[in-house]
Amino acid sequence: MNKIITFIIALLCALSAVAQNRWHLYAGGSISHLCEKPWISSDKSYGWGGGAFIGGGYEINFNPHWSLTPQLELAFNDNGASLSSKELGFYANHANWQSIWSLNIPIITSFRFPITDYTGLRIGAGPYIQEAISGHRYESDSDKKVSMSGNFGNRFNVGVVGEIAVETGTHFAYMVRTRYPFLKEGWVRKTINLSVGVRYSF
């Protein structure tokens, strides 16, 4: 175990010597949509819900083009899963609705290239894990909201995240992200998430 820790520390030191690794903070807004059927990005029955996120990370640069960025993010999402059918009761229209606060850990591999002397484009993708920490939904056959319950597994999800960002200068970047979770059961449902945000590196 000690050898593994020593190797990881040595590797991080070597990477730091190759390129400038940097911390960053980011924040933005998002929209979310519940997708009941895999690989279908739009279910016309449901609308889109709003959300927001804030986070930070550490960018490990292997060279001027490639980097690996683990991040820690606090996010709020409304999955937008409500109907407005006059033929259905309140609960039937809101049975799949959820609002969730979660901790997310994206790990993004990125490739960047210059557009001009002061502007660059970064394209990245990678896995993420998600653990819901708080949330609400409607109680079965009722218009009463209930708080989140259940164990770690009921609140957990894993998926993929993709990102495109425009970098201006050495500090600011403006990003667009999409996130798709794989697991459908439990509190964190299969919800597609689209977001825009700004990142500051230092």
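The figures here come from the full heavy-atom set of this structure, side chains too, leaving out hydrogens, waters and symmetry mates.
Tyr58 and Phe172 end up in the same hydrophobic cluster when Ile, Leu, Val, Met, Phe, Trp and Tyr side chains are linked at under 4.5 Å. No single ILVMFWY cluster, assembled from side-chain heavy atoms under 4.5 Å apart, contains both Leu74 and Val158. Tracing side-chain contacts under 4.5 Å through hydrophobic residues (I, L, V, M, F, W, Y), one never reaches Ile108 starting from Phe182; they form parts of separate clusters. Cluster membership check: Leu25 shares its hydrophobic cluster with Tyr174, using side-chain heavy-atom separations under 4.5 Å among Ile, Leu, Val, Met, Phe, Trp and Tyr. No continuous path of ILVMFWY side-chain contacts below 4.5 Å connects Ile100 to Leu103, so the two sit in separate hydrophobic clusters.
To the nearest 0.5 angstrom, Leu72 atom CG is 6.0 Å from Ile105 atom CD1. How far CG of Leu34 is from CH2 of Trp48: 10.5 Å, rounded to the nearest 0.5 Å. Atom CD1 of Ile164 is separated from atom OG of Ser110 by 11.0 Å, given to the nearest 0.5 angstrom. Note that CG of Asn154 and CG of Leu183 are 11.5 Å apart. Values are rounded to the nearest 0.5 Å.
The aromatic rings of Phe111 and Phe113 lie tilted to each other, with the angle between the two planes from 30° to 60°.
Counting only N and O atoms by type, the side chains of Asn96 and Tyr46 include a donor and acceptor under 3.5 Å apart.
Phe152 meets the ring-ring contact (aromatic ring centres under 6.0 Å, His included) test with Phe156; sequence neighbours excluded. Remark: Asp78 engages Trp97 in a side-chain hydrogen bond (donor to acceptor under 3.5 Å, both in side chains) (not counting sequence neighbours).
Under the 3.5 Å distance criterion, the side-chain polar atoms of Asn61 are matched with a main-chain donor or acceptor of Gln20.
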Q: For Ser142 and Tyr91, run side chain to side chain contact (heavy atoms under 4.5 Å, CB included): C-alpha distance rounded to whole Å, both residues' side-chain angles, the deciding distance at 0.1 Å, then the answer.
A: CA-CA 6 Å; Ser142 171; Tyr91 177 71; 5.8 Å; no
Q: For Asn93 and Ser85, run side chain to side chain contact (heavy atoms under 4.5 Å, CB included): C-alpha distance rounded to whole Å, both residues' side-chain angles, the deciding distance at 0.1 Å, then the answer.
A: CA-CA 7 Å; Asn93 280 328; Ser85 173; 3.7 Å; yes
Q: Verify side chain to side chain contact (heavy atoms under 4.5 Å, CB included) between His24 and Gln71, making sure each step is shown before the conclusion.
A: CA-CA 9 Å; His24 61 264; Gln71 298 174 328; 3.0 Å; yes
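Contact record, Pro106 with Val161: CB-CG1, 4.2 Å, taken as the closest heavy-atom pair. The two residues Thr191 and Asn79 come nearest to each other via the heavy atoms OG1-CB, 3.8 Å. Annotation for Gly47 and His33: closest pair O-ND1, 2.9 Å, computed over non-hydrogen atoms.
Cluster partners of Phe53 are Tyr26, Met175, counting Ile, Leu, Val, Met, Phe, Trp and Tyr whose side-chain heavy atoms approach within less than 4.5 Å, directly or via other members.
Residue-environment remark: CG (Leu83) exceeds the threshold of 12 foreign heavy atoms within 6.0 Å.
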In a table with atom names and distances, give each donor-acceptor pair under 3.5 Å that connects a side chain of residues 193-202 to protein atoms at least two apart or in another chain.
| from | atom 1 | to | atom 2 | distance (Å) |
| --- | --- | --- | --- | --- |
| Asn193 | ND2 | Ser32 | OG | 2.9 |
| Asn193 | ND2 | Asn77 | OD1 | 2.9 |
| Arg199 | NH2 | Glu59 | OE2 | 3.0 |

Which side-chain N or O atoms in residues 122-140 pair as donor and acceptor under 3.5 Å with protein atoms at least two apart or in another chain?
| from | atom 1 | to | atom 2 | distance (Å) |
| --- | --- | --- | --- | --- |
| Arg122 | NE | Glu163 | OE2 | 3.4 |
| Arg122 | NH1 | Glu167 | OE2 | 2.5 |
| Arg122 | NH2 | Glu163 | OE2 | 2.9 |
| Gln130 | NE2 | Ser102 | OG | 3.1 |

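Annotation: side chain of Leu121 is in contact with side chain of Val166 (closest heavy-atom distance under 4.5 Å). Proximity of Tyr180 to Lys190: side-chain heavy atoms (C-beta onward) are separated by under 4.5 Å at one or more points.
Here salt bridge (charged side-chain N to carboxylate O under 4.0 Å, His left out) pairs that include residues 147-159, with residues two or more places apart or in two chains, number zero.
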